[in-house]
Amino acid sequence: MEVPNVQEIIEKQVLTVAKAVEDKIDDEISALDRLDLDDIEALRERRLQQMKKMAEKRGRWIALGHGDYSEIHAEKDFFSVVKASDRVVCHFYRENWPCKVMDKHLSILAKQHIETRFVKINAEKSPFLAEKLKIVVLPTLALIKNAKVDDYVVGFDELGGTDDFSTEILEERLAKAQVIFLEGESSLKPSNSIAKTRSVRQSKKSYNSDSE
């Protein structure tokens, strides 16, 4: 029995794939060729409308404070912030080195991800919120979607366990929670968040301690 030539088999497979790709390209070219002026104008108009809606959305985000990393100075203002934006990353901090490290990364990400509001609040000056959301270790990031705390990033354990983690590592963690988007709102799969969704209004958990 003749043994098949492996090289010939590989070449046939490559040719088959190349033919399939070529056929797909030909089909796409044919589809473009079949477009008349009305079709082209409709595509152009649809694209313009998409760009207009995105510009309007960006304008609303900027008006709400997106694009900057700002501080919430009063606890009562926390609720208006999380109600106004669909996605909020809130850093509960104190004046220590780990929190300053987190500040550095969040300042960068706030400018890169205008779709999300990035804020900070002093946990020691916000006992009501700290108690309701059970903020124990600082820094803690509360990841908020649609006015509900959906997930937490507590300390640096998920970021490599050290204070020299990269901004990209934090960015990936926030994207996994879908509180920011790396490639557009429809490109990420739903995250399997470990933390249970907590309503900002209804959480009744207590604040026990703080960490350096």
Side-chain angles (χ1 to χ4, degrees), residues 57-58 61-62 64-73 75 77-78 81-126 129-130 132-198 200 203 205 207 209-212:
K57 184 180 289 187
R58 289 177 64 87
W61 286 337
I62 292 173
L64 289 171
H66 293 224
D68 288 322
Y69 178 48
S70 56
E71 181 162 5
I72 299 174
H73 295 285
E75 285 185 293
D77 294 334
F78 172 85
V81 166
V82 301
K83 288 177 184 177
S85 298
D86 293 337
R87 295 168 296 275
V88 178
V89 174
C90 183
H91 175 200
F92 284 84
Y93 80 98
R94 67 180 298 182
E95 293 296 340
N96 64 6
W97 170 249
C99 292
K100 293 184 185 300
V101 170
M102 190 65 78
D103 282 339
K104 178 188 70 173
H105 296 294
L106 293 176
S107 295
I108 295 170
L109 291 175
K111 294 178 175 61
Q112 294 178 346
H113 291 279
I114 195 174
E115 74 274 13
T116 300
R117 181 83 187 271
F118 286 80
V119 295
K120 62 188 291 188
I121 188 167
N122 190 311
E124 294 178 322
K125 296 180 181 179
S126 309
L129 282 175
K132 288 183 73 68
L133 301 179
K134 198 178 180 181
I135 305 301
V136 178
V137 176
L138 299 179
T140 286
L141 304 184
L143 311 184
I144 303 162
K145 295 188 292 186
N146 299 315
K148 293 182 179 179
V149 178
D150 185 68
D151 200 354
Y152 291 95
V153 177
V154 180
F156 298 154
D157 287 348
E158 295 183 73
L159 307 173
T162 176
D163 63 7
D164 64 353
F165 63 91
S166 68
T167 303
E168 288 73 23
I169 288 177
L170 177 58
E171 183 179 38
E172 289 174 3
R173 175 63 179 86
L174 299 183
K176 182 180 178 182
Q178 289 190 295
V179 76
I180 63 171
F181 301 105
L182 294 180
E183 299 176 7
E185 294 191 5
S186 63
S187 66
L188 294 175
K189 297 179 181 178
S191 64
N192 295 318
S193 174
I194 296 175
K196 293 181 180 179
T197 299
R198 298 179 178 90
V200 169
S203 177
K205 297 188 175 182
Y207 174 69
S209 63
D210 194 19
S211 74
E212 295 298 328

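Numbering of residues begins at 1 and proceeds along the displayed sequence. Heavy-atom basis, side chains included; hydrogens, waters and symmetry copies ignored.
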Which residues pass the side chain to side chain donor-acceptor pair (under 3.5 Å) test with [X], sequence neighbours left out?
X: Asp157; value: none
X: Thr140; value: none
X: Asp77; value: none

Side-chain touch [X]/[Y], heavy atoms, less than 4.5 angstrom:
X: Lys148; Y: Asn146; result: no
X: Val119; Y: Val82; result: no
X: Ser166; Y: Glu171; result: no

From Leu138, Leu141, Val137, residue fulfilling side-chain contact (heavy atoms from CB on, under 4.5 Å) relative to Phe92: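 That would be Leu138.
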In this structure, which one of Thr116, Val149, Val179 forms a side-chain contact (heavy atoms from CB on, under 4.5 Å) with Ile144?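 For Ile144, the side-chain contact (heavy atoms from CB on, under 4.5 Å) test succeeds with only one of Thr116, Val149, Val179, which is Val149.
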Sequence-distant partners of Phe165, ring pair (Phe, Tyr, Trp, His ring centres under 6.0 Å), two or more places apart: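 With neighbours one apart ignored, the set is His105, Phe156.
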Suppose we screen for ring pair (Phe, Tyr, Trp, His ring centres under 6.0 Å). Which residues come up paired with Tyr93, at least two apart in sequence or across chains? His91
When you measure from the side chain of Glu75 to the backbone N and O of Leu129, does any donor-acceptor pair fall under 3.5 Å?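 Yes, the answer is positive, given that a donor and an acceptor are paired below the 3.5 Å cut-off.
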Give a yes or no answer on whether the side chain of Glu115 reaches the backbone of Phe181 with a donor-acceptor pair at less than 3.5 Å.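 Pair found, side chain donor or acceptor close to backbone of Phe181.
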In chain order, what residues pass the salt bridge (charged side-chain N to carboxylate O under 4.0 Å, His left out) check against Asp103, with sequence neighbours excluded? Lys120
For Lys125, which residues count as a salt bridge (charged side-chain N to carboxylate O under 4.0 Å, His left out) partner, sequence neighbours excluded?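 If we apply the salt bridge (charged side-chain N to carboxylate O under 4.0 Å, His left out) test to Lys125, skipping adjacent residues, there are no hits.
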Find the distance between [atom1] ([X]) and [atom2] ([Y]) and round it off to the nearest 0.5 Å.
X: Met102; Y: Leu109; atom1: CE; atom2: CG; value: 10.0 Å
X: Arg58; Y: Trp61; atom1: CZ; atom2: CH2; value: 7.5 Å
X: Arg87; Y: Leu143; atom1: CZ; atom2: CG; value: 12.5 Å
X: Leu133; Y: Cys90; atom1: CG; atom2: SG; value: 8.5 Å

side-chain contact (heavy atoms from CB on, under 4.5 Å) against [X], all qualifying residues, sequence neighbours excluded:
X: Leu64; answer: His66, Ala84, Ser85
X: Glu172; answer: none
X: Ser107; answer: Tyr69

Do the charged groups of Asp163 and Lys104 touch, with an N to O distance under 4.0 Å?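 Looking at Asp163 and Lys104, the cut-off is not met.
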